[in-house]
Q: 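Okay, here's the structure, questions in a sec.
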Amino acid sequence: MFRILITALTLFALVGCSGYLAPTSSLEQPSSDRINTHLVSKGETLYSIAWRYGKDYRDLAAINGIAPPYLIRPGQRLQLEGQKYASIPSPTPAKKPKASAKQAGPAAVPKRKNTKLLTSERKRPAAPGRVAAKIRWHWPVRGRLINGFRAGDPLRKGVDIAGEKGDSVVAAANGTVIYAGSALRGYGKLLIVKHSGEYLSAYAHNDKLLVDEGSAVKAGQRIAELGSSGTDRNKLHFEIRRNGQPVDPLAYLPRPG
C-alpha cells in the first residue's frame with residue numbers, strides 16, 4: 001500500500017512538472033500585435049473590409065494600388081497599413097511643335113492679365129461642411145431609439161432603433177448600394193450605401209435585403225426589412241461614417257416630430 005501511494009505521488013509530480021496541469025493564467029496568450037493585413041474571403045468587398053477596420057475605402061485602395069471600381073478576389077491579401085501608391089498620371093497630350101523664330105510674335109506670349117484670370121477661375125475643393133450640407137438625411141426606420149452613439153466604443157458605432165420584424169427600412173439619403181450581404185461579422189444582413197466620396201451609411205441586422213450592390217437608391221426608398229440577423233432582438237443598427245470614421249447619426253438626422 002505504501003509503495004502504491006509513493007508511486008501515485010511520483011506520477012502526480014511528474015505530470016505537474018510536464019505542464020499539463022498548469023493554471024490557465026500561465027498559458028500563452030494570443031498575440032496583441034496590430035493586424036496589418038487582411039485575407040479576402042468570399043463575399044467581401046473593398047468597402048466592407050474598409051468598414052470592418054474603420055478605414056476610408058480610398059486609403060485602403062491607395063495602399064494596395066487598387067483602381068476604381070475597386071475589384072478584389074477571394075484569397076487576395078490586402079495591406080491595411082503602409083505607403084500609398086501614387087495616383088496613375090493622366091496620359092500626356094501630344095505637344096505642338098514650337099513656332100519658329102520667324103513665326104513667333106507678340107501674340108505667342110501669353111498676357112499676364114489672362115494668366116491671372118485663369119488662376120482665379122480654377123475650382124477649389126469643396127469644404128467638408130458643404131458636402132454634408134448637400135446631403136438631406138432622413139430617419140431609416142420608424143421606431144424607438146434604444147442605444148445611442150458613443151465615440152471610441154466599438155459596440156456603439158451607431159444607433160439602434162427598435163421595431164417589428166418586417167418593418168420597412170429606407171435609405172437615409174440618395175446614394176448607391178456598395179455592399180449587400182452578411183460577410184461582415186456582427187452586422188447580420190447588411191447594406192452599405194455610398195452618398196458621396198466622404199459619407200457612407202450602414203443598415204444592419206435586416207431580415208431581408210431588397211436591393212443589390214450597384215443599385216441607385218433615393219432617400220426614403222424601401223431597401224430592406226427590419227429583423228434580428230446577427231443579434232438577439234428585432235432592431236435596426238444604423239451608422240454614418242465620414243472618411244471611414246464613425247460619427248454620431250443624431251448629429252445628422254432631423255429631430256423627430
Side-chain angles (χ1 to χ4, degrees), residues 38-61 64 66-76 78 135-143 157-247 249 252-253:
H38 176 86
L39 188 65
V40 179
S41 300
K42 185 178 180 181
E44 290 185 314
T45 68
L46 185 78
Y47 296 102
S48 68
I49 295 170
W51 191 277
R52 174 178 177 178
Y53 294 101
K55 296 184 175 296
D56 190 317
Y57 67 93
R58 296 166 296 185
D59 291 341
L60 191 59
N64 291 277
I66 302 173
Y70 307 123
L71 299 178
I72 57 177
R73 65 184 185 279
Q76 182 177 354
L78 299 181
I135 301 175
R136 296 188 61 184
W137 297 94
H138 299 73
W139 282 85
V141 71
R142 293 183 179 182
K157 294 180 180 180
V159 295
D160 292 337
I161 307 170
E164 299 295 330
K165 182 178 179 180
D167 283 353
S168 293
V169 175
V170 303
N174 296 343
T176 302
V177 179
I178 55 173
Y179 179 78
S182 54
L184 202 58
R185 190 170 61 180
Y187 283 87
K189 294 181 180 179
L190 171 70
L191 289 174
I192 300 177
V193 178
K194 177 182 177 183
H195 304 288
S196 68
E198 189 175 359
Y199 285 95
L200 308 177
S201 64
Y203 313 75
H205 305 312
N206 300 288
D207 181 63
K208 187 177 181 181
L209 306 181
L210 304 179
V211 290
D212 300 319
E213 288 181 17
S215 300
V217 295
K218 296 290 185 181
Q221 178 182 336
R222 192 166 183 254
I223 58 176
E225 293 181 1
L226 188 143
S228 59
S229 59
T231 188
D232 58 354
R233 64 173 296 176
N234 291 319
K235 66 179 180 181
L236 175 72
H237 176 75
F238 176 71
E239 294 185 21
I240 296 177
R241 295 202 183 182
R242 178 183 177 189
N243 295 327
Q245 297 301 309
V247 294
Y252 295 82
L253 296 172

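The model shown is predicted, which means the values in this text are computed figures rather than measured ones.
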Q: Would a distance-only check, ignoring hydrogens and angles, find a side-chain to backbone donor-acceptor pair under 3.5 Å from K189 to D207?
A: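 Side chain of K189 to backbone of D207: a pair is present.
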Q: Would you sort out whether R136 and N174 count as a side-chain hydrogen bond (donor to acceptor under 3.5 Å, both in side chains), showing the intermediate values?
A: CA-CA 8 Å; R136 296 188 61 184; N174 296 343; over 6 Å; no
Q: Just verifying a value: how many Å separate L210 CG and Q221 CD, rounded to the nearest 0.5 Å?
A: 9.5 Å
Q: What are the two closest non-hydrogen atoms of S196 and I135, and how far apart are they?
A: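 It is OG-CD1, 4.1 Å.
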Q: Donor-acceptor pair, distance only, cut-off 3.5 Å: does the side chain of D56 make one with the backbone of R58?
A: yes
Q: For the residue pair L190 and A202, what are the closest heavy atoms and their distance?
A: CD1-CB, 4.0 Å
Q: Set out, in order, the CA-CA distance, both residues' side-chain angles and the distance that settles side-chain hydrogen bond (donor to acceptor under 3.5 Å, both in side chains) for H205 and S228, then state yes or no.
A: CA-CA 5 Å; H205 305 312; S228 59; over 6 Å; no
Q: Could you tell me whether K42 and E44 make a salt bridge, using a distance below 4.0 angstrom between a side-chain N and a carboxylate O?
A: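 Salt bridge: no.
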Q: Checking N206 against L226 for the side chain to side chain contact (heavy atoms under 4.5 Å, CB included) test, could you report, in this order, the C-alpha distance in whole Å, the side-chain angles of both residues, the deciding distance, and whether it holds?
A: CA-CA 5 Å; N206 300 288; L226 188 143; 5.5 Å; no
Q: Relative to the ring of Y199, is the ring of Y252 parallel (under 30°), tilted (30 to 60°) or perpendicular (over 60°)?
A: perpendicular
Q: Begin from the C-alpha positions of Y47 and Y57 and carry the test ring pair (Phe, Tyr, Trp, His ring centres under 6.0 Å) through to its verdict.
A: CA-CA 6 Å; Y47 296 102; Y57 67 93; 4.9 Å; yes
Q: Restricting to non-hydrogen atoms, name the atom on S48 and the atom on I192 that form the minimum distance, rounded to 0.1 Å.
A: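 Reported closest heavy-atom pair: CA-CD1, 4.5 Å.
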Q: How far apart are the closest heavy atoms of S201 and F238, and which atoms are they?
A: CB-CE1, 3.9 Å
Q: Spell out, as yes or no, whether a donor-acceptor pair under 3.5 Å connects the side chain of N64 to the backbone of L60.
A: yes
Q: Donor-acceptor pair, E198 side chain versus R242 backbone, under 3.5 Å?
A: no
Q: Tell me, with the steps shown, if W137 and I240 meet side chain to side chain contact (heavy atoms under 4.5 Å, CB included).
A: CA-CA 10 Å; W137 297 94; I240 296 177; 3.8 Å; yes
Q: Take V170 and W139, measure what side chain to side chain contact (heavy atoms under 4.5 Å, CB included) needs, and give me the verdict at the end.
A: CA-CA 8 Å; V170 303; W139 282 85; over 6 Å; no
Q: Which residue pairs pass the salt bridge (charged side-chain N to carboxylate O under 4.0 Å, His left out) test when at least one of the two sits in residues 217-226, sequence neighbours left out?
A: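 Listed once each, the pairs are R222-E225.
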Q: Assess the residue pair I161 and H237 against the criterion (side chain to side chain contact (heavy atoms under 4.5 Å, CB included)); give the C-alpha distance rounded to whole Å, side-chain angles, the decisive distance to 0.1 Å, and a yes or no.
A: CA-CA 7 Å; I161 307 170; H237 176 75; over 6 Å; no
Q: What heavy-atom pair brings A204 and L236 nearest, and what distance separates the two atoms?
A: O-CD1, 3.5 Å
Q: Looking only at heavy atoms, what is the nearest atom pair of I72 and L46, with distance?
A: CD1-N, 3.4 Å
Q: Among residues at least two apart in sequence or on other chains, which ones pass salt bridge (Lys or Arg N to Asp or Glu O under 4.0 Å) with D167?
A: none
Q: Please name all residues satisfying side-chain hydrogen bond (donor to acceptor under 3.5 Å, both in side chains) with K157, sequence neighbours left out, ordered by chain then number.
A: none
Q: Could you tell me the separation between the CG atom of L191 and the CG atom of D212, rounded to the nearest 0.5 Å?
A: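 L191 atom CG to D212 atom CG measures 9.5 Å (nearest 0.5 Å).
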